[in-house]
Asks: 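Structure in structure tokens, see below.
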Amino acid sequence: MKIDLRSDTVTKPTPEMLEAMMTANVGDDVYKEDPTVNELEKKVAKMFGKEEALFFPSGSMANQTAIKLHTQPGEQLIADQYAHIYNYEGGGVSFNSGVSCKLLDGHRGMITASQVKNAINPPDFYHSPLTTLVSLENTTNKGGGACYDFEEIKRIKQVCDEHKLGYHLDGARLWNALVAKKETPLQYGEVFDTISVCLSKGLGAPIGSVLIGSKSMMEDAIRVRKILGGGMRQVGFIAAAGLYAIQNNLERLKEDHKKAKEIGAQLQKLSFVKHVEPIDTNIVIFTIDGDEKEFIAKMEAKNIFFYGMGQGKLRFVTHMDYTQEMHDYFLELLQNIKWQKKAVY
Ligand SMILES: *Cc1c(COP(=O)(O)O)cnc(C)c1O
């Protein structure tokens, strides 16, 4: 049995999702004439209580567009040092927006209001870049799927208001936080100026992200999306998968969370596992005694696939296509695994 725990992006559309895609009504979305895309955008905007939303081919493009909307070249944004926008979007913050990042040393990818306050450059001190944006991530990817305390998110919002800073949420993994913390999209829509959400991570659609914000911001966003090459034509075929995913695959995220916790509990029992990070959602990060590259290779030989994250950290991500059958098999395999002299037997 092949078990792929590299990421929750490895899922494939189910027959029901494919059916929704094949029967979608489509039109030219560059002319805003694709009824399925329009429906998806309207639905997501409404979920978050915002005026408008815009469909994007990727989460990176949605985030990069938001950053461009909130900033001018030479300015600076504030984010955690683990932030996806800084680490995994190809340097797009500087390439696309000419903006620098003030990176904060947060806790599992999460920063606090007082950290943000201290990181704002004085606006009258023209030697340093002007701070104009704060970007949070929830759940945090590199932080191991950790979820913010919503009270802290509100405190950071206050700091943003006091200092007239834009407030963006990289919510590629927000669905997981909503389910884990029993929060609502409306709460988030009230606080943030812009939010990006992903349809192809936990929700199982093949492609797609949505950026949410005010009407005037989304009018500007469509221009930036065009510049970045993200204007798409009969893309309702893909938006249909996103609509299906939102309607059918949200609540089941808790199954992924449960499986992740069970994997974590099993790892805790293994003598060669040094540390397992707290598991809030569907990401399990742990460290082992010995060479992790060798561990990955030995597990691959057993048809178990996952990634190292550097600094000795290893990561499993549970998802829709990681079935209960796979889970039972994997737990048993973990239970019986032995790590002797840097080899798994
Ligand atoms: C996956 C992810 C993104 C976007 O990734 P794409 O591959 O560009 O869709 C953005 N932020 C976070 C936190 C993510 O996990």
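We use all heavy atoms of the structure for the numbers below, so side chains are in, but hydrogens, waters and symmetry mates are not. Note that the coordinates shown come from a computational prediction; the quantities given were computed from them, not determined experimentally.
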Asks: Between Val224, Ile67, Leu77, which is the residue that forms a side-chain contact (heavy atoms from CB on, under 4.5 Å) with Ser97?
Replies: Ile67
Asks: Measuring from Ile279:CD1 to Ile285:CD1, what's the distance to the nearest 0.5 Å?
Replies: 9.5 Å
Asks: Determine, stepwise, if the pair Lys313 / Glu277 fulfils salt bridge (charged side-chain N to carboxylate O under 4.0 Å, His left out).
Replies: CA-CA 10 Å; Lys313 289 181 180 176; Glu277 289 188 8; 3.5 Å; yes
Asks: With a 6.0 Å cut-off on ring centres, are Phe316 and Phe330 close enough?
Replies: yes
Asks: List the steps, then state whether side chain to side chain contact (heavy atoms under 4.5 Å, CB included) holds for Leu211 with Val197.
Replies: CA-CA 7 Å; Leu211 184 65; Val197 292; over 6 Å; no
Asks: Answer with yes or no whether the hydrophobic clustering places Leu40 together with Phe237; edges join I, L, V, M, F, W, Y residues whose side-chain heavy atoms lie under 4.5 Å apart.
Replies: no
Asks: Run the numbers on Glu89 and Gln64 for side-chain hydrogen bond (donor to acceptor under 3.5 Å, both in side chains), then give the verdict.
Replies: CA-CA 8 Å; Glu89 297 184 12; Gln64 292 298 318; 2.9 Å; yes
Asks: Applying side-chain hydrogen bond (donor to acceptor under 3.5 Å, both in side chains) to Gln76 and Asn121, what does each step give before you reach the verdict?
Replies: CA-CA 9 Å; Gln76 191 166 70; Asn121 294 326; 2.9 Å; yes
Asks: Taking the six-membered ring for Trp, is the centroid-to-centroid distance between Tyr322 and His327 below 6.0 Å?
Replies: yes
Asks: Answer with yes or no whether the hydrophobic clustering places Leu333 together with Phe286; edges join I, L, V, M, F, W, Y residues whose side-chain heavy atoms lie under 4.5 Å apart.
Replies: yes
Asks: Flag the pair Asp28 and Arg233 as a salt bridge only when some basic side-chain nitrogen lies within less than 4.0 angstrom of an acidic carboxylate oxygen.
Replies: yes
Asks: His257 and side-chain hydrogen bond (donor to acceptor under 3.5 Å, both in side chains): which single residue from Thr318, Thr281, Asp280, Asn176 fits?
Replies: Asn176
Asks: Please lay out, stage by stage, how Thr140 and Met110 fare under the test side chain to side chain contact (heavy atoms under 4.5 Å, CB included).
Replies: CA-CA 7 Å; Thr140 61; Met110 300 178 291; 3.7 Å; yes
Asks: Quick one: do Ile207 and Trp175 end up in the same hydrophobic cluster if we chain Ile, Leu, Val, Met, Phe, Trp and Tyr together by side-chain heavy atoms under 4.5 Å apart?
Replies: yes
Asks: Checking Phe48 against Val44 for the side chain to side chain contact (heavy atoms under 4.5 Å, CB included) test, could you report, in this order, the C-alpha distance in whole Å, the side-chain angles of both residues, the deciding distance, and whether it holds?
Replies: CA-CA 6 Å; Phe48 284 83; Val44 176; 4.0 Å; yes
Asks: So, are Arg173 and Asp8 salt-bridged, with charged N and O less than 4.0 Å apart?
Replies: yes
Asks: Would you check if there is a donor-acceptor pair between the side chains of His70 and Thr194 at a distance under 3.5 Å?
Replies: yes
Asks: I would like to know whether Arg6 and Val317 meet side chain to side chain contact (heavy atoms under 4.5 Å, CB included); could you show each step before the answer?
Replies: CA-CA 6 Å; Arg6 289 172 302 159; Val317 186; over 6 Å; no
Asks: Checking Tyr86 now: which residues fulfil ring pair (Phe, Tyr, Trp, His ring centres under 6.0 Å) with it, not counting sequence neighbours?
Replies: none
Asks: Taking 4.0 angstrom as the limit, do Lys201 and Asp170 come out as a salt bridge?
Replies: no
Asks: Determine, for Glu39 against Lys43, whether the closest basic-nitrogen to carboxylate-oxygen distance falls under 4.0 angstrom.
Replies: no
Asks: Is the Lys NZ or Arg CZ of Lys157 less than 6.0 Å from the centre of Phe192's six-membered ring, within 45° of the axis?
Replies: no
Asks: Give the table of side-chain donor-acceptor pairs shorter than 3.5 Å for residues 132-139, with sequence neighbours excluded, one pair per line with atom names and distance.
Replies:
from   : atom 1 : to     : atom 2 : distance (Å)
Thr132 : OG1    : Glu75  : OE1    : 2.9
Glu137 : OE1    : His84  : N      : 2.7
Glu137 : OE2    : Asn141 : N      : 2.9
Asn138 : OD1    : Tyr148 : N      : 3.0
Asn138 : ND2    : Tyr188 : OH     : 3.0

Asks: Give a yes or no on this: more than 12 heavy atoms of other residues, nucleotides or ligands lie within 6.0 Å of atom CZ of Arg223.
Replies: no
Asks: Would you call Glu152-Arg155 a salt bridge at under 4.0 Å N-O?
Replies: yes
Asks: Between Glu262 and Lys258, does any side-chain N to carboxylate O distance fall below 4.0 Å?
Replies: yes
Asks: Under a single-linkage definition using a 4.5 Å side-chain heavy-atom cutoff for Ile, Leu, Val, Met, Phe, Trp and Tyr, are Phe305 and Ile288 assigned to the same hydrophobic cluster?
Replies: no
